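Note that the numbering runs from 1 along the sequence shown for the chain. Small disclaimer: the values here were computed from a predicted structure and weren't measured.
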Amino acid sequence: MTKRRPDGIEQYDHPAGGWDALKAVAKTLAHQQIVAQGSRTLLKANQPEGFDCPGCAWQDPKHTSSFEFCENGAKAITWESTAKRTDADFFRQHTVSELWEWSDHQLEDAGRLTLPLRYNDKTEHYEPIAWDEAFALVAAELNKLDDPDRAEFYTSGRASNEAAFLYQLFVRAYGTNNFPDCSNMCHEATSVGLPKSIGVGKGTVTLEDFDHADAIFSFGHNPGTNHPRMMSTLHEAARRGVPIIVFNPLKERALERFAAPQDPVEMVTLSSTRIASAYHQVRVGGDLAALKGIMKAVFALDAASLDRGEPGVLDRAFISEHTTGIDALLADIEATTWDEIVSASGLSQAAIESIAEVYARAKNVIVCYGMGVTQHARGTSNVQQIANLLMLRGNIGRQGAGIAPIRGHSNVQGDRTVGITEIPGKALLEGMKRAFGFQPRVDKGHNAVEAMEAIIAGESKALICLGGNLPVAMSDHTATFAGMRKLDLAVHIATKLNRSHLLVARTSLILPCLGRTDLDTQASGPQAVTVEDSMSMVHASRGFLKPPGDMVRSEPAIIAGIAKATLGDRHGIDWDGLVGDYDRVRDKIEAVFPEFFDFNVRVRKPGGFRLDVAASFRRWNTVSGKATFLVAPGIREDPALAGKQALVLTTIRSHDQYNTTVYGLDDRYRGVFGRRDVVFMNREDLANRGLADGDQIDIRGLLGDEESHSISGLTAVAYDIPSGSIAGYYPEMNPVMSLSHFDPQSGTPSYKGVPVTVTRAAGVPISGSVVQ
Ligand SMILES: Nc1nc2c(c(=O)[nH]1)N[C@H]1C(S)=C(S)[C@@H](COP(=O)(O)OP(=O)(O)OC[C@H]3O[C@@H](n4cnc5c(=O)[nH]c(N)nc54)[C@H](O)[C@@H]3O)O[C@H]1N2
Ligand SMILES: Nc1nc2c(c(=O)[nH]1)N[C@H]1C(S)=C(S)[C@@H](COP(=O)(O)OP(=O)(O)OC[C@H]3O[C@@H](n4cnc5c(=O)[nH]c(N)nc54)[C@H](O)[C@@H]3O)O[C@H]1N2
Ligand SMILES: [Mo]
């Protein structure tokens, strides 16, 4: 008797990468109707004279002479360089309420935006509008507000340094620090947590450090899907025999086995390489406990070594010269019992001790981490405990060792560096005054959650979005969607249509912009922009494709258009001059931020340059001037979960999506095909609820009210995931989350620690999965 799996659910037994990845790219090129042009475009990705791939923020290899194949990079590029268009006809044919019924995939798949559009509530259509008229409308609405703080200026992390810099200049000159940005939902725990630990809110390693690492730890990220070029690095390290220790509640295929498409032998022989030397299925939210456990075991190894008359495993020279706070950390770890650690992490004491042994044996350790660590109510503490672990053996500021937050959007780190922040620091404020002669506001503005709360409360009346899909990316769609509809002004600078654009305000505009792959020509000729990757490398990006329409403008040009219309000649900023030649924007970036010295010269060198990361050189820009061990009291992930009989939901990306952009409905490595309406559950958790693989279920978030925080009619999939933890796709799961559930230190929503209950779908008979 065989049990049939639910429709579209299969066992995927291949390694990640390999021929399946090549086939997927061929399919994407065909679907986007760009087979010939598309393959030429791909060859220009991440080349010295080419464009920066919008797929992720992983560093390019030093010698980018040959094309580095990356399935999901190829999808990101072809999605942008598609031959499909949404033109005037498209918007004449479809009303906004009709488009609302389309899926997220269908909306973006309609093609590139080609015309500035304004919503007409009489006809219910978006209709073409002239650029100057659009700018004048935005200006009139912004200037009508009685307080600049009633406007919100969102940034998604694809914007170039030049666009982001002009945007923050405009917004600061307008008079607010309301800079919600995608970083607030992503690596904010890194940006807030690490400066207190090591004096810089960025990673300390470069790509070359991976060549010198003796052990690599990976917490809560899925590089096979989200940073596929990182797989080349992990593949190489694994083949060198470097232990790779993975912490992830789900067995992500690429972290288990990977066949490198760049490796002719593996491709021809259908062989593959084991990536993780040990795979620890930590409970969702169990990382804090796991990290404390590893540190406890390291302290025990140290004591045993000293007992034997050996020098111990802690790097005492580093600790005494470079750090402070070790005693408080030691006291906290001593007070934490193994029972607590084992029950909160879901890992056995023996497993944790074996991890500590690998850690103590390795001379140089790199810890990489992603959203599984940051998107928790204690995300900042998680990040700081990672720093603690590394500091115990001096694994920061030394070749082959360090901390590697794996960033999200391709320029999310750069956007922050050039001034997109709701908490302006002294250097930024002084730099702006020096370069532009006006004193920007010093007080804190809104982050993403605060901006959304102000919009929902009706306090903020205008929202300008430099890319992204804010209300869909946030928790609690019932609330965010209603909030959007209350706005007086919503402006979306975008490449493709998405659901945010359909949540119309009294005045709604869509302004079509160039993407990374498009040729950007301004008064002085073709322009390059710059971006900063996860390893703080800044380099140029030049698009070369014919833009999707004559009316489409660059992001810098659109921002300058809005700024000029809104501010007139306030502060004497020469908006036309800046946009006419992006070298002038870069000169201003250099004037504000001295670390960009000789910007225009250095960025013209192939590969660009690295920004100074003080901690990489053991210079600690903390209050005490030392790297600081920080204590995170307690062991439980999240006080909001205390006393709740809840399953903990984590939300994940499929292999076929880019955030809210859904390329397709498959999630190949997890064996899901043609659907996204599934929830991955442990078999015991299913059985305890009288449920089985394939049953229809309802899921309800416990931190919001019952009706608006439920999703009905999902399908339960029995999966290898720790008991008590369940997983579903982002953004489909966002309605069950509460907007007020976030990390109080960083404001990052707890997207990966949502307390929920699961019940059989109302009105569905108990037949569930079919037994043949
Ligand atoms: N193709 C593609 N590339 C992308 C993106 C994309 O959507 N598609 N998004 C970009 C962006 S903005 C970002 S931020 C990054 C995101 O890249 P990732 O950080 O890889 O993001 P997620 O897919 O959210 O998955 C995180 C991983 O954490 C695991 N996880 C979940 N909860 C926990 C937990 O509590 N503890 C631990 N240890 N692990 C956990 C999940 O199983 C999953 O493997 O990728 C960027 N690159
Ligand atoms: N439940 C849950 N929610 C999450 C997450 C999660 O893991 N779980 N992850 C969070 C994270 S890490 C992030 S970063 C956010 C992402 O939030 P956002 O950055 O707001 O969302 P995206 O889906 O990346 O935005 C896609 C849109 O960007 C526009 N776009 C694409 N390219 C360009 C361009 O070059 N220029 C401009 N102007 N527009 C462009 C297109 O119109 C496209 O529809 O979501 C967060 N939300
Ligand atoms: Mo992100």
Side-chain angles (χ1 to χ4, degrees), residues 180-204 217 219-221 247 282 284-292 294-295 323-325 328-329 332-333 336 344-345 367-391 396 403-408 412-413 416 421-423 425 444 446-450 475 534 615 620-624 627-642 648 650 737 739-754:
D181 83 319
C182 74
S183 207
N184 296 143
M185 301 180 247
C186 186
H187 261 293
E188 197 65 45
T190 300
S191 309
V192 169
L194 285 188
K196 293 182 184 137
S197 288
I198 59 168
V200 60
K202 301 180 180 186
T204 65
F217 283 34
F219 281 88
H221 66 122
F247 299 81
V282 65
V284 165
D287 302 270
L288 188 66
L291 284 157
K292 286 197 178 187
I294 301 167
M295 288 192 275
T323 74
T324 153
L329 177 72
D332 177 60
I333 300 293
T336 311
S345 68
V367 179
C368 314
Y369 65 93
M371 298 299 102
V373 163
T374 60
Q375 293 176 334
H376 283 286
R378 300 194 67 188
T380 303
S381 296
N382 286 344
V383 169
Q384 291 172 339
Q385 299 311 302
I386 291 177
N388 286 348
L389 174 63
L390 286 167
M391 278 148 51
I396 291 204
I403 191 159
I406 310 297
R407 291 274 172 174
V412 61
Q413 187 163 317
R416 261 298 149 79
T421 170
E422 73 279 9
I423 315 170
K444 178 186 171 301
H446 289 157
N447 65 18
V449 168
E450 291 157 351
S475 310
S534 265
W620 316 105
N621 293 331
T622 54
V623 181
S624 64
T628 309
F629 289 102
L630 292 161
V631 170
I635 191 112
R636 291 280 159 197
E637 172 57 31
D638 181 358
L641 307 189
V648 184
T650 189
M737 299 168 191
L739 201 56
S740 58
H741 188 207
F742 55 79
D743 172 17
Q745 292 194 68
S746 68
T748 313
S750 184
Y751 295 125
K752 293 204 173 15
V754 190

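- At a threshold of 4.5 Å between non-hydrogen side-chain atoms, the residues Arg416 and His187 do not count as touching.
- For the residue pair Pro744 and Ala377, the shortest heavy atom distance occurs at CD-O, 3.5 Å.
- In this structure, Pro405 and Val383 have side chains that are not in contact, with every pair of non-hydrogen atoms separated by 4.5 Å or more.
- Within the model, atoms CG of Leu291 and CG of Leu389 stand 6.5 Å from one another, a figure rounded to the nearest 0.5 Å.
- Across every non-hydrogen atom of Ala387 and Ile403, the tightest pair is N-CD1, 4.2 Å.
- Note that CG of Asp743 is 11.5 Å distant from CG of Asn184, once rounded to the nearest 0.5 Å.
- To the nearest 0.5 angstrom, Lys752 atom NZ is 7.5 Å from His376 atom NE2.
- Taken to the nearest 0.5 Å, the OG1 atom of Thr204 stands 7.5 Å off from the CG atom of Leu390.
- Across all non-hydrogen atoms, the minimal contact from Thr374 to Thr748 is O-CG2, 3.7 Å.
- Within the 4.5 Å cutoff, the side chain of Arg407 has heavy atoms near those of the Thr190 side chain.
- Using a 4.5 Å heavy-atom cutoff, the side chains of Cys368 and Phe217 are not in contact.
- Counting heavy atoms from C-beta on, the side chains of Phe219 and Asn382 never come closer than 4.5 Å.
- The heavy-atom pair separating Ala448 from Pro180 by the smallest distance is CA-CB, 3.5 Å.
- At distances below 3.5 Å, at least one donor-acceptor pair connects side-chain atoms of Gln385 with backbone N or O atoms of Leu630.
- Residues Lys202 and Leu194 approach most closely at O-CD1, 3.7 Å, considering heavy atoms.
- Side-chain atoms of Phe742 and Asn447, non-hydrogen and from C-beta on, never get closer than 4.5 Å to each other.
- Looking only at side-chain heavy atoms (C-beta outward), Thr324 and Phe629 stay at 4.5 Å or farther from each other.
- Within the model, atoms CD of Glu188 and CD of Gln375 stand 12.0 Å from one another, a figure rounded to the nearest 0.5 Å.
- Going from atom CE of Met295 over to atom CD1 of Ile333 covers 4.0 Å, rounded to the nearest 0.5 Å.
- In terms of heavy-atom proximity, Gln384 sits nearest to Gly193 at NE2-O, 3.1 Å.
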